[in-house]
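Inspection log for the structure reproduced underneath, given as structure tokens.
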Amino acid sequence: MRDGVDGRAGALLAWYDAHARDLPWRVPPGRADRPDPYRVWLSEVMLQQTTVAAVRGYFERFTTRWPTVAALAAADDADVMGEWAGLGYYARARNLLKCARVVAGMGGFPQTRAGLQELPGIGPYTAAAIAAIAFDAPEVVVDGNVERVMARMFRIETPLPRAKPEIREKAASLTPDARPGDYAQAVMDLGATICTPKSPACGICPWMDHCRARAAGMAAELPKKEPKKAKPTRYGIAYVGRRADGAWLLERRPERGLLGGMLGWPGAEWGEVAQEAPPAAAIWRDIGVEARHTFTHFHLYLGIRTATLPMDCVPERGEFVSRHDFRPSDLPTVMRKVFDLARDAFETVE
DNA sequence: TATCCGTGGCA
DNA sequence: TTGCCAAGGAT
């Protein structure tokens with residue numbers, strides 16, 4: 001690491017002092033106090049592959065309901081999963097709880113990158129980011145923003161992910177020893193507001209005079225990426241059962257795999273063809289419309305069956321959740337889509 | 001190393 | 001409508 005004597009780190013920090021985004025987990029630049037490690041950790045996990053706009057509301061709700069890592073550690077699993085519903089990548093929520101319980105047992109967060117990276121859900125990026133932002137450690141923080149900015153600054157035309165080692169070297173060469181937390185956040189703010197993936201605003205960039213891609217007129221073309229695979233389509237059927245007293249028949253999904261640990265409507269595994277698998281003996285009605293949803297690596301068409309179940313119903317799969325306890329917002333998005341369509345069908349019948 | 005794992009916004 | 005993209009981690 002260097003100290004930024006060439007002026008680039010200093011120029012970026014000066015820009016950050018004037019233009020830092022106001023974010024609820026952040027301490028504004030220039031202040032001596034450090035941010036709460038709990039809030040830094042929570043925000044960093046939520047922000048993994050997720051936009052600031054999507055995270056804001058979740059962060060506010062989590063920190064209101066669980067203001068400390070000890071409070072979160074004591075929470076019920078189902079409450080945390082429900083509060084995370086809709087944010088995606090649900091392994092993050094499961095690891096969040098595991099991590100909170102380890103940290104609460106330790107009496108606080110480790111203050112080094114190596115110590116942080118031992119914890120569930122904290123990888124190389126997040127460990128470096130927490131160490132730098134919360135504990136002022138001089139770590140090299142490399143995320144998607146940094147990769148994009150470095151690829152442009154140094155005109156790296158090797159496609160990602162092959163370019164990662166070279167990008168890391170360049171990132172390390174620019175990282176200053178002073179104010180590492182502010183510097184890390186400054187590069188991310190630069191990537192989020194100026195050095196954006198499409199149509200970068202090079203004309204107002206604090207690094208415009210240092211950027212080789214801009215000099216070549218190709219900033220928007222970098223970084224290059226390997227072509228992506230086409231998404232296949234899968235099919236399935238979801239069973240939305242409502243008991244006579246208004247309770248809903250739901251199923252907790254397995255801990256591992258897609259939507260792991262989340263609530264969902266019973267049904268057979270999704271595949272190349274939809275398979276009928278009613279979770280209880282009843283007259284199931286095809287509502288005639290499908291829920292469409294696209295996951296990271298496949299499209300899904302989900303047929304929907306509804307039934308009114310008797311009070312003495314003993315389902316083969318799933319459990320009844322009372323009308324009072326059921327919150328549609330506890331469902332992952334695809335299951336929420338199914339519910340919205342099924343509810344319309346129930347109301348149409350009645 | 002490659003694959004799996006969500007979602008919503010936007011061009 | 002379709003594809004792309006966002007502060008990655010686990011296996």
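As a basis for the values below, the full set of heavy atoms in this structure was taken, side chains included, without hydrogen atoms, waters or symmetry mates. The structure displayed is predicted, hence computed values, not measured ones. Chain letters run A, B, ... following the sequence lines, proteins first, then strands; residues in each count from 1.
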Next on the checklist: Would you say A/Gln49 places a side-chain N or O within less than 4.0 Å of OP1 or OP2 belonging to C/dG8?
Outcome noted: yes
Next on the checklist: For a quick check of understanding: with a heavy-atom distance under 4.0 Å over all strands, which category does A/Lys337 fall into, base, sugar-phosphate or nothing?
Outcome noted: nothing
Next on the checklist: For the backbone of A/Ala75 and the side chain of A/Asp79, can you confirm whether one donor and one acceptor N or O come within less than 3.5 Å of each other?
Outcome noted: no
Checklist entry - A/Lys198 or A/Gly260: which one's nearest nucleotide on DNA chain B is closer to the 5' end? => result A/Gly260
Checklist entry - Looking for any heavy atom pair under 4.0 Å, which part of the strands does A/Arg148 touch: base, sugar-phosphate only, or nothing? => result sugar-phosphate
Checklist entry - Can you check the A/Arg56 CZ to C/dA6 C1' distance for me, whole Å? => result 15 Å
Item to check | Position toward the 5' end of DNA chain C (nearest nucleotide), A/Ile122 or A/Glu44 | outcome: A/Glu44
Item to check | Touch class at under 4.0 angstrom, heavy-atom based, for A/Gly86 against every strand present | outcome: sugar-phosphate
Next on the checklist: I need the CD-C1' distance between A/Glu226 and C/dC5, as an integer number of Å.
Outcome noted: 17 Å
Checklist entry - Base, sugar-phosphate, or nothing: which does A/Lys231 touch, judged by heavy atoms less than 4.0 Å apart? => result nothing
Checklist entry - Roughly, in whole Å, what's the span from CD in A/Gln117 to C1' in C/dG8? => result 11 Å
Next on the checklist: Mind checking if A/Arg336 touches a base, just sugar-phosphate, or nothing, with heavy atoms under 4.0 Å?
Outcome noted: nothing
Checklist outcome for this item: Only residue of A/Asp182, A/Asp189, A/Leu13 satisfying side chain to side chain contact (heavy atoms under 4.5 Å, CB included) with A/Pro29 is A/Asp182
Checklist entry - Has A/Arg253 got its NZ or CZ under 6.0 Å from the middle of the six-membered ring of A/Trp270, at an angle within 45 degrees of the ring axis? => result yes
Checklist entry - What does A/Leu87 touch in the nucleic acid at a heavy-atom separation under 4.0 angstrom: a base, only the sugar-phosphate, or nothing? => result base
Checklist entry - Base, sugar-phosphate alone, or nothing: which one does A/Trp84 contact when heavy atoms must sit under 4.0 Å apart? => result nothing
Next on the checklist: Over all strands shown, is A/Leu23 touching base, sugar-phosphate only, or nothing at heavy-atom distances under 4.0 angstrom?
Outcome noted: base
Checklist entry - Rounded to whole angstroms, how far apart are CD1 on A/Ile130 and P on C/dG8? => result 13 Å
Checklist entry - Quick one: A/Lys225 NZ to C/dC4 P, roughly how many Å, whole number? => result 10 Å
Checklist entry - Counting only N and O atoms by type, is there a donor-acceptor contact under 3.5 Å from the side chain of A/Gln185 to the main-chain atoms of A/Gly181? => result yes
Next on the checklist: Hydrophobic clusters here meaning ILVMFWY residues chained together by side-chain heavy-atom distances under 4.5 Å, can you tell me if A/Tyr239 and A/Leu259 are in one?
Outcome noted: no
Checklist entry - Base, sugar-phosphate, or nothing: which does A/Thr126 touch, judged by heavy atoms less than 4.0 Å apart? => result sugar-phosphate
Next on the checklist: Check whether A/Phe346 forms a cation-pi arrangement with A/Arg242 (NZ or CZ under 6.0 Å from the six-membered ring centre, at most 45° off the ring normal).
Outcome noted: yes
Next on the checklist: Rounded to whole Å, how long is the line connecting atom OH of A/Tyr89 with atom C1' of C/dA6?
Outcome noted: 10 Å
Next on the checklist: Going 5' to 3' along DNA chain B, which are the first and last nucleotides with any atom under 4.0 Å from a heavy atom of chain A?
Outcome noted: B/dT3 to B/dG8
Checklist entry - What is the nucleic acid contact for A/Lys229, judged by heavy atoms within less than 4.0 Å: base, sugar-phosphate only, or nothing? => result sugar-phosphate
Item to check | Gap between atoms CZ and C1', on A/Arg168 and C/dG8 respectively (whole Å) | outcome: 14 Å
Checklist entry - When the distance from CZ of A/Arg21 to P of C/dA6 is rounded to whole Å, what number comes out? => result 13 Å
Next on the checklist: Considering every strand and a 4.0 Å limit on heavy-atom distances, what is the contact class for A/Pro332: base, sugar-phosphate, or nothing?
Outcome noted: sugar-phosphate
Checklist entry - Can you tell me if A/Arg323 uses its side chain to pair, donor with acceptor, with the backbone of A/Ala247 under 3.5 Å? => result no
Checklist entry - At under 4.0 Å between heavy atoms, what does A/Thr296 touch on the DNA or RNA strands: base, sugar-phosphate, or nothing? => result base
Checklist entry - If only side-chain N and O atoms of A/Lys98 are considered, is one of them under 4.0 Å from the OP1 or OP2 phosphate oxygen of C/dA10? => result no
Item to check | Rounded P spacing from C/dG9 to B/dG8 in Å | outcome: 22 Å
Checklist entry - Are the side chain of A/Arg92 and the backbone N or O of A/Leu87 linked by a donor-acceptor pair below 3.5 Å? => result yes
Checklist entry - Would A/Arg212 count as a cation-pi partner of A/Phe154, with NZ or CZ less than 6.0 Å from the six-membered ring centre and within 45° of the ring normal? => result no
